[in-house]
Protein chains: 2
Amino acid sequence: MSEEEAPRLTRIQQKNRDLILDGALDVFSTHGFRGATIDQIAEASGLSKPNVLYYFASKDDIYRTLLTALLDVWLAPMRGLDPRGEPMAEILTYVRAKLDLSRDYPRESRLFANEVLQGAPHLQPILGGQLRDMVDETVGIIGGWIGEGRLAPVDPHHLIFSIWALTQHYADFEVQVRAVLGEDHDPYAEAELFLNNLYQRMLAV
Amino acid sequence: MSEEEAPRLTRIQQKNRDLILDGALDVFSTHGFRGATIDQIAEASGLSKPNVLYYFASKDDIYRTLLTALLDVWLAPMRGLDPRGEPMAEILTYVRAKLDLSRDYPRESRLFANEVLQGAPHLQPILGGQLRDMVDETVGIIGGWIGEGRLAPVDPHHLIFSIWALTQHYADFEVQVRAVLGEDHDPYAEAELFLNNLYQRMLAV
DNA sequence: AGAATAATTGACCAACCGGTCAGGCTCACG
DNA sequence: CGTGAGCCTGACCGGTTGGTCAATTATTCT
């Protein structure tokens, strides 16, 4: 049984690691792993390049730290789905939670999108492991609801994909959404209404 | 009035430019612009690096050529939408056409996704110009159908976004979709059924 | 055939890349 | 207030990057 060591960070360590991760999130989410440079991360975080590498062993180390921290936040909403709840309300709550993530953490969404888009070289095992297990469980729950006649019969896997696609689209393709809509729109407010309507019509028995 | 010059390519020029663009599509679509290297493109296309730069002035030149060629293919389905057609059938045809693009041209989809994800530095003017105009027109058509009571009342802009998000998701997040579904699935066949069902339920009056 | 033109390449360049390191600075703590 | 651990940096390194160029080879055209 391995003791989890608590690194016990100093005040400065805590502050600078946070600065680096925040700057790195900017850079990685807009350029992808290969397109990002340590110099850019250093500038974005307001530290010198050697100092960045004083707190993280390598570019890869920064990236991996970001990805693992992201995963917890990202998958949390799906864990919140309650099998004993009212099916439609549970689904709509999940959709709402995912849309809120896109609005409040667009950089994280784009980081994840970049990673998957480029073949998920850093987290392919997680996709086919942890994520797949969690999805299978959720598919079971939704399938149960459908079997009980409490939701319209739809493919649960693709229902989940649709929620991911529709909510993350507003973060990942934000420049396109804003360019097409123009100034006088609030994409997320409109999206919330639209998605509520969509899933109610789609899933009502 | 500027005469459009016809470059009159030789047989070898035609073949090698095609080879380069095909290899570059592989590389750019999986690494993004900044993450791609001319060496990779040269290897992917089976030519030497200087020879690649004999046919294209720069890395940027290759990328721009790919993007502009892509745009025509990419926006063609929306042009096919007929205001005089039967609304539901027109929408379902559009969805089907976009899904077919994702299945048959996944690299193009990922190239576009990469570009937009990274802030669309090469085609922002097009997004707010040509694309926005085309969307506005389509929004007008759909809005007309809704006004006539031939489609359920939904926000036309977000209806279009939903079609883009749902269809491109299967190309852009292909590794995730396959990892979650496992081996015994045909994502696109299932998606076609799912999306047909989705939009019929959503848009039926 | 042979001259003109197109195609191809090895060698090279300056700038940039991820990362190292010796040495100086600073700050908490006795 | 001293001292040692923690913090920071300029200078540097080998490898990679986008791109050039002179020289060579292949192709086309008369």
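What you see below is based on every heavy atom in this structure, not just the backbone, and it leaves out hydrogens, waters and symmetry mates. Keep in mind that what you see is a predicted model, and the values were worked out from it rather than measured. By convention in this document, chain letters (A, B, ...) are assigned in the order of the sequence lines, proteins followed by strands, and residues within each chain are numbered from 1.
Side-chain contact check for A/Tyr199 versus A/Leu159: some heavy-atom pair is nearer than 4.5 Å.
Relative orientation of the B/His158 and A/Phe194 rings is tilted, given thresholds of 30° and 60° on the angle between their planes. Relative ring orientation between A/Phe161 and B/Tyr170 is described as perpendicular, the plane-to-plane angle rising above 60° on a 0-90° scale split at 30° and 60°.
With 3.5 Å as the limit, one finds a donor-acceptor pair spanning the side chains of A/His185 and A/Glu190. Side-chain contact of B/Ser102 with B/Tyr188: a donor-acceptor pair under 3.5 Å is absent, judged by distance alone.
Using a 4.0 Å heavy-atom cutoff across all strands shown, A/Tyr55 reaches sugar-phosphate atoms only and no base atom. Within 4.0 Å of B/Ala36, counting heavy atoms only, lie sugar-phosphate atoms of the nucleic acid but no base atom. If you check every strand for non-hydrogen atoms under 4.0 Å, B/Ile38 touches sugar and phosphate atoms only.
More than 12 heavy atoms of other shown residues, nucleotides or ligands fall within 6.0 angstrom of atom CD in A/Gln200.
Where A/Thr37 and A/Pro50 each meet DNA chain C at their nearest nucleotide, the meeting point lying more 5' is that of A/Thr37. Both B/Asn16 and B/Lys49 sit near DNA chain C, but only B/Asn16 has its closest nucleotide nearer the 5' end.
Straight-line distance from the CZ atom of A/Phe56 to the P atom of D/dC7: 13 Å, rounded to whole Å. When rounded to the nearest whole Å, the span between CZ of A/Arg34 and C1' of D/dG15 equals 13 Å. If you measure from atom CD of A/Gln13 to atom P of D/dG6, you get 8 Å, rounded to the nearest angstrom. Here the C1' atom of nucleotide D/dT27 and the CD1 atom of B/Ile12 are 6 Å apart, to the nearest Å. Atom CG of B/Asp39 is separated from atom C1' of D/dG18 by 9 Å (rounded to the nearest Å). Here the C1' atom of nucleotide D/dA11 and the CG atom of A/Asn51 are 16 Å apart, to the nearest Å. Atom P of nucleotide D/dT16 and atom CD of B/Gln40 are separated by 12 Å, given to the nearest angstrom. One interatomic measurement links the two molecules: CD of B/Glu43 to P of D/dT17, which rounds to 11 Å at whole-angstrom precision.
At a threshold of 4.0 Å, the pair B/Arg103-B/Asp100 counts as salt-bridged, since one of the basic side-chain nitrogens sits closer than that to a carboxylate oxygen.
Of all nucleotides in DNA chain C having an atom under 4.0 Å from a heavy atom of chain B, the first and last in 5' to 3' order are C/dA6 to C/dC17.
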